[in-house]
Every structure is written in structure tokens, then in C-alpha cells.
Amino acid sequence: GKMRFPLVVQAVGFVLVLGGFGQAAAQRVVPASPLASSGSPISPSRILSCSTTYSVLRFGAVGDGRTEDADAIQAAVDAAQRTGSGCVYFPGGSYRTSRTITISSTGRGLTLYGDGDASRILATTDADAFLLSNGGNGFTVHDLYIGYVGEGIPTAGAAIHTQKGTANFKYVRLTVAKTAYGLRIE
């Protein structure tokens, strides 16, 4: 079968730390569905310090793997950016996008999270799936799958393109599949 390696990438200023390869690392990161001492699930938005959580479904995303979801995803991202520390949640599903979702410099403290590989963002073109524009700060991606589903092998585009000037970003349990550049950090 396909071998997966959890990857934790954290950048602060100009320092990039790669770590978390293999089974031992998977045990060091926060579980996707941690349990309280009572055994009941803790809301992921509580763990991720979200002021407000925006489900892409509430903005019109379908997540069926066939419907174009880019406008709904962008609307959820835009709403979360306005709060300053909002979170965008991708419930399990396959979200198709034919254009880049832009996260602007006002997206300080923004978090994108899902239900692990069950939450798939599927790019259908060679464009970047997500673009973090200049000046963004405090961005986190947690428990998502981002990949390309167009015909053939992509010749351009990254799962996440982080432009120069963006600082303090974190990728936790992110799966990147079939992209030309994977994670592109300038």
C-alpha cells in the first residue's frame, strides 16, 4: 500500500523546521479527535484556539467530489479572515476547486482544518490550491488532504504556496498528493 509520513512544518520568520517523520512523530502531535477525561470528544476548534469556526458547508460547499466548491471555500476563508483568528472547517468530503483560494495578509491567526484524509481538497487545474499572500501571519493547516485530480501530471501549482513575507505558519498532519511543487515556500 501507500506509505504515509506525517509531516509537521513550522516556520517562524526565516527559520524553517521540518520534523515529525515516522510513527514516533505521529504520537507527539495532538490527536485529531482527542477525548476529555469523561471520554466525550473535545471540539477541534477548542484545541485550535478558534474565535469562530466556519464550516465550508454553511457557505455552500457540497464536498461530493464533483461539484465546484471554490466560491464557497473562498467565502468561508474570507469570513474567517475578518474575525482575525477564525477557523475554516472542512467536514469529511471531497471539495473540488478549479482556481486558487487566496488567503490575504488580513488572515492573521487563520486555521484551516478537517477530519484528516477524509477531508480532501482536490485541485482540478495546475494552479496553486491555496495562496498565502505577502504579509500573512499565524496561519495553520491541520488534518487535511490537498491534491491534484486533473488529467495527467501537473506541470505547475502547489498544494500551498506561501509567498515571501509570510511568517509563523504551521502544517500539522497535512497530506499532499500529486502536485507539481507540494508545499512552495518563498
Side-chain angles (χ1 to χ4, degrees), residues 1-10 20 25-26 29-35 41-81 83 85-103 107 109-125 127-132 138-150 154 157-162 169-179 181-184:
K2 178 179 155 187
M3 182 177 270
R4 285 195 54 218
F5 295 97
L7 172 65
V8 177
V9 179
Q10 183 173 8
V29 294
V30 178
S33 300
L35 298 176
I42 297 173
S43 165
S45 61
R46 265 187 57 208
I47 294 165
L48 298 171
S49 300
C50 301
S51 62
T52 306
T53 299
Y54 300 88
S55 170
V56 294
L57 298 178
R58 295 199 71 170
F59 289 83
V62 178
D64 64 2
R66 294 181 306 276
T67 304
E68 172 63 41
D69 290 317
D71 289 342
I73 294 169
Q74 187 68 64
V77 165
D78 292 346
Q81 287 183 131
T83 68
S85 62
C87 291
V88 177
Y89 174 55
F90 294 82
S94 295
Y95 303 91
R96 289 179 76 92
T97 179
S98 62
R99 65 177 179 82
T100 300
I101 306 301
T102 302
I103 298 165
L110 181 68
T111 297
L112 305 177
Y113 74 97
D115 297 324
D117 282 356
S119 298
R120 294 174 171 251
I121 299 159
L122 307 174
T124 60
T125 65
D128 297 326
F130 288 95
L131 172 67
L132 304 181
F139 175 75
T140 301
V141 178
H142 205 284
D143 289 305
L144 282 175
Y145 171 106
I146 303 173
Y148 173 77
V149 293
I160 301 174
H161 179 177
T162 307
F169 50 92
K170 232 186 295 194
Y171 304 127
V172 181
R173 285 190 302 268
L174 170 65
T175 301
V176 174
K178 196 178 170 188
T179 62
Y181 296 108
L183 299 175
R184 184 174 174 192

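Nothing here was measured: the structure is a model prediction, and the numbers come from that model.
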Study note, to complete from the structure: Correct closest heavy-atom pair for V88 and A76 would be CG2-O, 3.7 Å
Study note, to complete from the structure: Closest non-hydrogen atoms of G60 and A72, given as atom of the first, atom of the second and distance, are C-CB, 3.6 Å
Review point. Just how far is it from atom CG of D143 to atom OH of Y113, taken to the nearest 0.5 Å?
Key: 10.5 Å
Practice item. Any chance you could lay out the side-chain contact (heavy atoms from CB on, under 4.5 Å) test for I101 and Y95, step after step, and finish with the verdict? Key: CA-CA 12 Å; I101 306 301; Y95 303 91; over 6 Å; no
Review point. What heavy-atom pair brings E68 and T97 nearest, and what distance separates the two atoms?
Key: OE2-CA, 3.4 Å
Review point. Hey, are the side chains of T125 and P154 touching, using non-hydrogen atoms and a 4.5 Å cut-off?
Key: no
Practice item. Find out whether L174 and I160 are in side-chain contact, i.e. whether some heavy atom of one side chain is under 4.5 Å from a heavy atom of the other. Key: yes
Check your understanding: Considering all heavy atoms of both residues, which atom of D128 and which atom of A158 are nearest to each other, and what is their separation?
Key -> OD1-N, 2.8 Å
Point to revise | Sub-4.5 Å side-chain heavy-atom contact between Y89 and D115 | key: yes
Check your understanding: Would you say the side chain of R99 lies within less than 4.5 Å of the side chain of D71, judging by non-hydrogen atoms?
Key -> yes
Review point. Could you walk me through whether D69 and V56 pass the side-chain contact (heavy atoms from CB on, under 4.5 Å) check?
Key: CA-CA 9 Å; D69 290 317; V56 294; over 6 Å; no
Study note, to complete from the structure: Shortest non-hydrogen pair, L110 vs Q81, comes out as CD2-CG, 4.1 Å
Point to revise | Check against side-chain contact (heavy atoms from CB on, under 4.5 Å), F130 and V141 | key: CA-CA 11 Å; F130 288 95; V141 178; over 6 Å; no
**Study point:** Euclidean distance, F139 CZ relative to T111 OG1, rounded to 0.5 Å
**Key:** 8.0 Å
Practice item. Starting at CG of L183, measure out to CD1 of I146 and round the result to the nearest 0.5 Å. Key: 8.0 Å
Point to revise | Distance (rounded to the nearest 0.5 Å) between Q74 CD and I103 CD1 | key: 8.0 Å
Review point. Under 30°, 30 to 60°, or over 60°: which ring-plane class applies to F59 and Y54, parallel, tilted or perpendicular?
Key: tilted
Practice item. Calculate, to the nearest 0.5 Å, the distance between atoms CD1 and CZ belonging to I121 and F90 respectively. Key: 4.0 Å
**Study point:** Point-to-point distance, once rounded to the nearest 0.5 Å, from NE2 of H161 to OG1 of T179
**Key:** 12.5 Å
Exercise for review: Could you tell me whether a side-chain N or O of T100 sits under 3.5 Å from a main-chain N or O of A127, the two making a donor and an acceptor?
Suggested key: no
Practice item. Specify the closest pair of heavy atoms between K178 and Y148, including all atoms of both residues, with the distance to one decimal. Key: O-CB, 2.7 Å
